[in-house]
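One structure is given below, encoded as structure tokens.
FYI, the numbering just counts along the sequence from 1.
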Amino acid sequence: MPISNVNTTQTTVQIENNASLAQVNTKNTQSSSLNDSALKAEPEHKTGFYYAPFASEDVLVFAAGTNQARNTAGKEPRHIIVANDAAKTKLETLKQQLVEKNQAQASDIREKANAVISELNLEGFELLDFVSSDAYTDMLKLAQNYSFEADVLQQANIISNEKTGILGTLKNGENKIYVLGHGANGSNEISSKRSASEEGYETVSSKGLAEQLSKGGLDKSFTDIRVESCYSADATAPESFDPEELKLSSEPGFIDAPEDPELDGTKVFPFAQSLANELKSAGFESPEVAGYHGAGKAYSEDAHRYQTLHTDDAPVARSSDVRQIFIPV
């Protein structure tokens, strides 16, 4: 998002709380268009909800990233559904802690910037030069980013399905579900944290997630489910966003582990494909699960979401351009 509310020629000595976002450079976006029947344009007029299989700070950060982009576009925040009251309580606590953390960081940065002005006793053109400098502007942006994230976090409601039965009210053609969690290419699980060594690490398999949605009352005719986890459309890690490369990465792969005979040669699928298969097994009529190629970027400068690849050139593509739909096989 362009920083349209920052006046770099101001002479005020106080940093205000106007919110803006400057986390990801999306100028060098790599164009990608997958001419495949498995890719679909973004449907209009559908109300989306997040579904969090677990309560973790990372889930809130995922949601905040998209909701900041939605805020930039003038859209309402996407709210978060959890399975039960216990998960809601835990996530509400984590949310408040994260809000307070962001507010404290914003306040600390503002105080440090203003302290520099005071200590140097800047006036007139010296003050003008300082508040126009990259260092001051960067501090201002960072403080505003923290304030913005705190505001956006507070706007998103956390909804217990146990209490409200909201999953049972979602309608095919009117709603869509975005699943949150960390992922990896060829994995049949998504997780609450990046690493198993982190406190609070949990996983859910594609089968477990399908069972959660089924037992939670989601109508069996519901089709539009999207997995925002990294590499959710990939069995193998793509080297570029070239359409042919992405088509190859979405096809089943095999584990190469000669040192482990039990794993060696095991067939693996993108998580989105595995989830589509398990939803069908759980009784859903015609599930369509969207996955995204590459790793999702947490924040962007504009109203769009972006994916990148862990390659030397780290290309960037709009998430909607590298989204692929999977149906049961």
query: Does any N or O in the side chain of Lys280 come within less than 3.5 Å of the main-chain N or O of Ser286, such that one atom is a donor and the other an acceptor?
result: no

statement: Here the gap from Asn84 atom CG to Lys90 atom NZ, rounded to the nearest 0.5 Å, amounts to 11.0 Å

query: After noting the C-alpha distance and the side-chain angles of Asp219 and Lys171, does the key distance pass the salt bridge (charged side-chain N to carboxylate O under 4.0 Å, His left out) rule?
result: CA-CA 7 Å; Asp219 193 282; Lys171 299 184 183 301; over 6 Å; no

field: Approximate separation, where rounding is to 0.5 Å, of Ile190 CD1 and Ser229 OG
entry: 4.0 Å

- request: Could you go through the ring pair (Phe, Tyr, Trp, His ring centres under 6.0 Å) check for His182 and Phe54 one step at a time?
  value: CA-CA 11 Å; His182 289 287; Phe54 15 63; 8.9 Å; no

message: Can a donor-acceptor pair be found, under 3.5 Å and without considering hydrogens, that links the side chain of Asn172 to the backbone of Ser221?
response: yes

- line: Quick note, salt bridge (Lys or Arg N to Asp or Glu O under 4.0 Å) partners involving residues 55-69, not counting sequence neighbours, are Asp58-Lys193

field: Lys/Arg cation over aromatic Tyr292: Arg226, 6.0 Å, 45° cone
entry: no

- prompt: Quick one: do Ile80 and Val99 end up in the same hydrophobic cluster if we chain Ile, Leu, Val, Met, Phe, Trp and Tyr together by side-chain heavy atoms under 4.5 Å apart?
  reply: yes

- prompt: Between Ser147 and Ala143, is there a donor-acceptor pair closer than 3.5 Å when you use the side chain of the first and the backbone of the second?
  reply: yes

- request: Following the transitive rule for hydrophobic clusters with a side-chain heavy-atom cut-off under 4.5 Å over Ile, Leu, Val, Met, Phe, Trp and Tyr, establish whether Ile159 and Leu209 coincide in one cluster.
  value: yes

message: So does Ile166 get a backbone contact from the side chain of Thr169, meaning a donor-acceptor N/O pair under 3.5 Å?
response: yes

message: Strictly distance-based, threshold 3.5 Å: is any side-chain N or O of Glu198 a donor or acceptor partner for the main-chain N or O of Ser195?
response: yes

- line: With sequence neighbours left out, the residues meeting side-chain hydrogen bond (donor to acceptor under 3.5 Å, both in side chains) with Ser319 are Gln307

query: Would you find a donor on one side and an acceptor on the other, under 3.5 Å apart, between the side chain of Asn277 and the backbone of Val329?
result: yes

message: Hydrophobic cluster membership, with links at side-chain heavy-atom distances under 4.5 Å among I/L/V/M/F/W/Y: are Tyr51 and Val61 in one?
response: yes

query: Does any N or O in the side chain of Asp224 come within less than 3.5 Å of the main-chain N or O of Glu288, such that one atom is a donor and the other an acceptor?
result: no

task: Kindly compute the distance separating OG (Ser249) from OH (Tyr231), expressed to the nearest 0.5 Å.
output: 9.5 Å

query: Quick one: does Ser192's side chain have a donor or acceptor within less than 3.5 Å of a partner on Ser56's backbone?
result: no

statement: Ala150 and Gln103 have their tightest heavy-atom pair at CB-CG, 3.8 Å

query: Can you check side-chain contact (heavy atoms from CB on, under 4.5 Å) on Phe269 and Ser250, steps first, answer last?
result: CA-CA 8 Å; Phe269 300 88; Ser250 69; over 6 Å; no

field: Sequence neighbours excluded, every pair satisfying side chain to side chain donor-acceptor pair (under 3.5 Å) that has a member inside residues 156-166
entry: Asp85-Ser160

message: Quick check: do Phe49 and Thr47 have side-chain heavy atoms less than 4.5 Å from each other?
response: yes

task: Answer yes or no: is there a donor N or O on one side and an acceptor on the other, between the side chain of Asn71 and the main chain of Asn67, under 3.5 Å?
output: no

query: Considering residues at least two apart in sequence or located in another chain, which fulfil the salt bridge (Lys or Arg N to Asp or Glu O under 4.0 Å) criterion with Glu92?
result: Lys88

message: Are Arg70 and Thr66 packed together at the side-chain level, in the sense that at least one heavy-atom pair is separated by less than 4.5 angstrom?
response: yes

- prompt: Taking atom NZ of Lys141 and atom OH of Tyr146, what is their separation to the nearest 0.5 Å?
  reply: 15.0 Å

Residues in salt bridge (Lys or Arg N to Asp or Glu O under 4.0 Å) contact with Asp108, at least two apart in sequence or another chain: Lys112

query: Quick one: do Val82 and Leu98 end up in the same hydrophobic cluster if we chain Ile, Leu, Val, Met, Phe, Trp and Tyr together by side-chain heavy atoms under 4.5 Å apart?
result: yes

message: Tell me whether Arg78 forms a cation-pi arrangement with Tyr50, defined as NZ or CZ under 6.0 Å from the six-membered ring centre and within 45 degrees of its axis.
response: yes

- prompt: Say you draw a straight line from CG of Asn185 to CZ of Phe271; how long is it, rounded to the nearest 0.5 Å?
  reply: 13.5 Å

message: For the residue pair Lys220 and Phe284, would you count it as a cation-pi contact if the rule is NZ or CZ under 6.0 angstrom from the ring centre and within 45 degrees of the ring axis?
response: yes

query: Can you name the side chain to side chain contact (heavy atoms under 4.5 Å, CB included) partners of Thr311, sequence neighbours left out?
result: Glu239, Leu309, Asp313, Pro315

